[in-house]
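Atoms within each ligand, like the ligands themselves, are counted from 1 in listed order. If you're wondering where the values come from, they're calculated on a predicted model, not measured in any experiment.
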Amino acid sequence: MTITVRAAAKFNLHLGVGPLREDGFHPLATVYHAIGLYDDVTVSEADRWQVTLSAEDHIALGEVPTGDDNIVVRAGRALAAHHGIDRAATIEIHKGIPVAGGLAGGSADAAATLVALDRLWSLETSDDDLLAIAGQLGSDVPFALVGATAIGGGRGEIVEPVADNGAWWWVAVGSEQGLSTPAVYRAFDELVGAGVVEPAEPQVPERLLMALEKGDTELLAEALANDLQAPALALRPDLAQTFTDGEEAGALAVQLSGSGPTVLMLCRDAAHAREVAGAMQAKAYDRIWAAPGPVAGAHVVTY
Ligand code: C5P
């Protein structure tokens, strides 16, 4: 038997970051948003853990590990340990989410693996237990289970769905070179140390929640914010040009996705997204995706 589970890319409509905690993480007040770029994870019975990778044409696999250090093996082992069973599986990852792009592709794969193995092994793990296991795997993994649009608290692992009545369209513009999430958080800490940034207790702004509830694109354009944008731009000053180009291409707002380097452009509708994507292509960008949001969290597609 094989089971395929699909999981979406995410970015943060709002990413509020507080001062470094003692455990090495930062407190977050974020609004996660799942968009229509997907990885498919297919699992089947095996005596030992094995990971295979493939990708859509335009996705570079880069340095995704296929050994035990891949997050999907950690996910499988954590699920088995939770149930006190000793099992393994073959996990095939088909990537449609750009790698190391700040779109949480690895977290999507981990969430998809949890759902797929839960089915394959007939475990019927409760939602609460799945979310708890997901939270141990990575800060963004619980959201990849839930999908749509949700507030993230704690270090990002505590998720609470929010009303989102928009039918949003985004253009994502990728970068050839990835950015490391810990490096961007370190750059944030350096800006704090230098007094350039003064982090307060992070909060989700009311006007963003209102924009989502109303499905109001102009309001959403004004409400997007990301505290990791300044440190990411400090590490990658070249990204400033992508922001300028996105604005010139007619995007309603331009924002860094998570810790970057992917840049997200808010569009009015699908036709406008095609226009913005075309304008970016004309400016010689070659990693461009148009995607709607919100979309579902990890879900079974074939079994
Ligand atoms: O939780 P996750 O494995 O995705 O985190 C990767 C790294 O990102 C952490 O080791 C930490 O350096 C940084 N991080 C952070 N604060 C968060 C989430 C992640 O500093 N809330």
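Checked against the 6.0 Å centroid threshold, W121 and H83 do not count as a close aromatic pair.
Crowding of D127 atom CG: a count of heavy atoms from other residues, nucleotides or ligands under 6.0 Å not exceeding 12.
Residues T113 and I91 have side chains in contact (heavy-atom distance under 4.5 Å, counting atoms from C-beta outward).
Checked against salt bridge (Lys or Arg N to Asp or Glu O under 4.0 Å), D69 has no partners two or more places apart in sequence or in another chain.
Heavy atoms only, all atoms of each residue included: F25 and S139 are closest at CE2-OG, 3.9 Å.
Using a cut-off of 4.0 Å between Lys/Arg side-chain N and Asp/Glu carboxylate O, D40 and K95 are scored as not salt-bridged.
Ligand 1 lies under 4.0 Å from heavy atoms of G24, F25, H26, L28, G138, S139, R155, T181, P182, Y185.
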